[in-house]
Amino acid sequence: MNLKPATLQRIDELITHYPVKRSAVLMLLHAIQEDVGYISDPAIEWVAAKLELQPINVYEVVTFYPMFRRQPIGRRHIKVCRTLSCALMGGYKTCETFEKEFNTHAGPTEVSPDGEVTVEFVECLASCGTAPVVMIDDELHEKVDCAKAKQLSDQIKTEAKKR
Amino acid sequence: MAAPEQRRIIFQHIDAPGYSNDLACYVKHGGYEILKKAVAMPPAAIIDEVKKSGLRGRGGAGFGCGLKWSLVDRKSGKPIYLVVNADESEPGTFKDRYIIHQDPHQLIEGIMVTCWANNVKQAYIYIRGEMPHGARILEQAIAEARAANFVGPNILGTSYSCEIYVHRGAGAYICGEETGLIESLEGKRPYPRIKPPYFPAVLGLYQCPTIVNNVETLCHVKHIVDMGGDNYAKIGTPNNTGTRILCVSGHVQRPGYYEYEVGKITMGQLLNEVCGGPLPGRKFKAVIPGGSSSKILRFGETFTLKNKDGSSRTLTIEDIPMDFDTLAACGTMGGSGGVIVMDDSVNMVEALANLNAFYAHESCGQCTPCREGSLWMKKITTRMVHANARAEDGQLLKSVADQIAGRTVCAFGEACSWPTQSFVAKFGDEFKAYPETKKQSKNGDALELV
């Protein structure tokens, strides 16, 4: 495991938040995923050793929670809300627009051919009053109709070119 | 009758120009004065005020907050924990998001008052994983409050110490169920615990007495201590006291969040006046009044309810006051305050198919009736929409749903079967006619829901 010094420092601090080390599993997994992008087998073993657990105790957590992933995804992560309030305001069309723009299919492990994005159709993001909503990485975008989805896609493409 | 004015207590500063989420702004607006008042009161007196206030939990079940606190085992000798349920994930609900992002210190003050009242030394805020900014804002706000001696060791010069930490979920709806949340906070899969014996008040986090309260509920506690339980109880209606935030989404002109005295506004006033009525050229068809799990209501239906004096009254949907008790009497619930509106462009089979996909995805898989049942309900409604629909599918769906509720460890069993049961009961005609409806539809620009 090759974690950034800041991540290691954060991890040591997080463990002190709980009287029982095991409680820190989710927070450690978040910290590692934010650092290296996904949760590998060595990461599972590393977390288990760090918290004095068996690897299975970490593995069962990683495989249950939808936000943790076992492989790298696109450089940008587009999450489109699928649930009722967003769907009523056209969320399916929004998702379709992103799929077309990046020539990909929505799915937690799908990556666009250029490696730029992963489009995921996720369940309720708790911003139903501004439906349809989309999260791009950590940023929430509201009232994303097809035109705005196109605009956001263009922005991602421009940013990719600059890189 | 014209809709009453909003009464913003919890959302007083939400969207207010110039209001920021830092400590300086909060203190400038009188922040943490109530915590100072609280630590001068005996803890039991605060619990009494909350009992007198009649405050009911705003997370979904509407359980009495004072009663919940009074069930806590205080003789065990074990530490008592407070767990703040900020796992806002009931579809249609989006109120805690704004408190967390725009007014985090209001929540922290509510937490500290609650901790003082219940002799809690350690609180955790369990925030859903999809709110990374919210988690950072809370961590920052806690750090500010700690630096100012409102949180941490020996607060406000007393001998009382209490810490708050933020714990992030990772995308699982079941973590909103309080015992599932506790398991998740212990670093496990969030499989809900069976009650009895695992009532959080006795055997909660680390098998210690634990209070689990919703974000909005804890904010109310602060205002109850401010104005006194009796005065708070005068807001709203009897047994449905205080204000609550109603989140309206779906097919209305002005979706959004509105804070009203509980029971003082009717569904008709809320949707037609406050939210501006249906979209142009459309008519309201159905409404889910308290988050996606609550049973759907069909516009045009009426409810005959008994009055206390033995007489009865008949209400239309528009007449229903938005309180816990009347919505329950109408066969649904106030739940989390998430009102989802559907107009006549929506086919109810397709709307149910959308919700069934949600519940099948979110079942934790611990109990067979729920794991299998939610999946089969999804399979049936998806088949109806994308392959062959049969006139008898409504009855098939009902038979699956009827075998889930009451047969599971947690209330997810009810939550996933109530939509199917109520959609089929209220819109059975549409389910029966769906094979024909499909043949006739051109499916060009139709609203896609699943």
Side-chain angles (χ1 to χ4, degrees), chain A residues 13-14 16-31 33-34 47 51 53 57-58 60-68 79 81-93 95-96 108 120-131 133 135 137-140 143, chain B residues 79 88-97 122 124 128-133 163 165-173 175 184-190 205-206 247-251 255-257 288 292 338 340-343 345-346 350-351 354-355 357-358 361-362 364-365 447-450:
Chain A
E13 144 81 14
L14 285 169
T16 67
H17 292 185
Y18 308 94
V20 177
K21 279 186 171 182
R22 184 174 183 172
S23 277
V25 170
L26 272 84
M27 293 301 276
L28 261 55
L29 291 170
H30 275 302
Q33 186 163 284
E34 276 162 25
V47 170
L51 300 177
L53 300 170
N57 301 136
V58 181
E60 66 175 2
V61 168
V62 175
T63 51
F64 184 93
Y65 293 88
M67 281 178 72
F68 297 129
K79 292 179 182 174
C81 178
R82 191 207 66 84
T83 320
L84 189 58
S85 298
C86 281
L88 288 170
M89 302 308 286
Y92 274 74
K93 289 264 186 295
C95 191
E96 211 175 278
E120 196 178 351
F121 216 13
V122 298
E123 299 302 339
C124 189
L125 290 172
S127 187
C128 320
T130 55
V133 293
M135 273 184 87
D137 303 326
D138 282 358
E139 233 32 78
L140 183 79
K143 298 184 185 173
Chain B
E88 181 162 68
S89 40
E90 175 75 12
T93 317
F94 50 94
K95 57 192 179 63
D96 302 340
R97 158 185 293 284
Q122 178 66 61
Y124 291 99
R128 62 175 301 180
E130 295 89 337
M131 292 185 184
H133 281 314
E163 272 299 341
Y165 291 123
V166 177
H167 184 96
R168 292 180 64 200
Y173 168 78
C175 293
S184 181
L185 190 45
E186 290 186 2
K188 303 171 193 161
R189 287 188 168 201
L205 184 61
Y206 310 125
C247 313
V248 186
S249 65
H251 294 153
Y257 37 83
I288 299 174
S292 66
I340 307 174
V341 186
M342 285 166 265
D343 67 24
S345 69
V346 178
E350 293 164 14
N354 180 287
L355 287 180
F358 172 81
H361 183 262
E362 300 299 341
C364 80
L447 183 67
E448 202 182 348
L449 294 178
V450 69

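In the text below, chain A, chain B and the rest are named by the order of the sequence lines, each starting its count at 1.
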Scored by heavy-atom pairs under 4.5 Å with chain B, the best of A/Met89, A/Met135, A/Arg82 is A/Arg82

Applying a strict 4.5 Å limit to non-hydrogen atoms, the region of A/Tyr18 in contact with chain B is both

One should read off an interatomic distance between A/Glu123 CD and B/Asn354 CG, to the nearest 0.5 angstrom, of 7.5 Å

If one checks every heavy atom of B/Arg168 against chain A at 4.5 Å, the contacting part turns out to be both

Between A/Leu84 and B/Ile288 the two heavy atoms that sit nearest each other are CD2-CD1, 4.0 Å

Greatest number of non-hydrogen atom pairs under 4.5 angstrom with chain B, of A/Ser85, A/Cys81, A/Cys86, falls to A/Ser85

Taken to the nearest 0.5 Å, the spacing of B/Tyr165 OH from A/Leu14 CG works out to 10.0 Å

The interface call for A/Leu29 against chain B, heavy-atom contacts under 4.5 Å, is neither

Cut-off 4.5 Å, heavy atoms of chain A, and the answer for B/Tyr124 is side chain

Bottom line for B/Thr93: the part with an atom under 4.5 Å from chain A's heavy atoms is backbone

Under 4.5 Å to a heavy atom of chain B? For A/His30 that would be side chain

When the 4.5 angstrom heavy-atom criterion is applied to B/Glu163 and chain A, the contacting part is neither

Most heavy-atom pairs under 4.5 Å with chain A, out of B/Glu90, B/His251, B/Glu88, B/His361, belong to B/His251

Ranked by heavy-atom pairs below 4.5 Å to chain B, first place among A/Thr130, A/Val25, A/Thr83 goes to A/Thr83

Query raised in the report: Do B/Pro132 and A/Asp138 have side-chain heavy atoms sitting under 4.5 Å apart?
Result: yes

Given B/Pro79, B/Gly169, B/Ser89, B/Gly338, the one with more heavy-atom pairs under 4.5 angstrom with chain A than any other is B/Gly169

Given A/Ser23, A/Cys124, A/Gly129, the one with more heavy-atom pairs under 4.5 angstrom with chain B than any other is A/Ser23

Answer key: most heavy-atom pairs under 4.5 Å with chain A among B/Cys247, B/Ala357, B/Gly256 is B/Ala357

* For the residue pair B/Lys188 and A/Phe64, establish whether any side-chain heavy-atom pair is separated by less than 4.5 Å. => no

Note: vs chain B, highest number of non-hydrogen pairs under 4.5 angstrom among A/Lys21, A/Glu139, A/Glu96 is A/Glu139

Sequence neighbours excluded, the answer for side chain to side chain donor-acceptor pair (under 3.5 Å) partners of B/Gln122 is none

If you tally heavy-atom pairs under 4.5 Å between each of B/Ser345, B/Gly365, B/Pro91 and chain A, the highest tally belongs to B/Pro91

The interface call for B/Leu205 against chain A, heavy-atom contacts under 4.5 Å, is neither

Rounding to 0.5 Å, atoms CZ (B/Arg97) and CG (A/Leu140) come to a distance of 5.0 Å

Taken in chain and number order and not counting sequence neighbours, the residues that satisfy side-chain contact (heavy atoms from CB on, under 4.5 Å) with B/Ser184 are A/Leu26, A/Tyr65, B/Tyr126, B/Cys175, B/Pro190

Nearest heavy-atom contact between A/Gly90 and B/Leu447 is N-CD1, 4.3 Å

Pair count under 4.5 Å, heavy atoms only, with chain A: among B/Arg189, B/Glu186, B/Glu130, highest is B/Arg189

Comparing B/Gly187, B/Gly171, B/Ala170 against chain A, the one with the most heavy-atom pairs below 4.5 Å turns out to be B/Ala170

Cut-off 4.5 Å, heavy atoms of chain A, and the answer for B/Val346 is side chain

The interface call for B/Tyr206 against chain A, heavy-atom contacts under 4.5 Å, is side chain

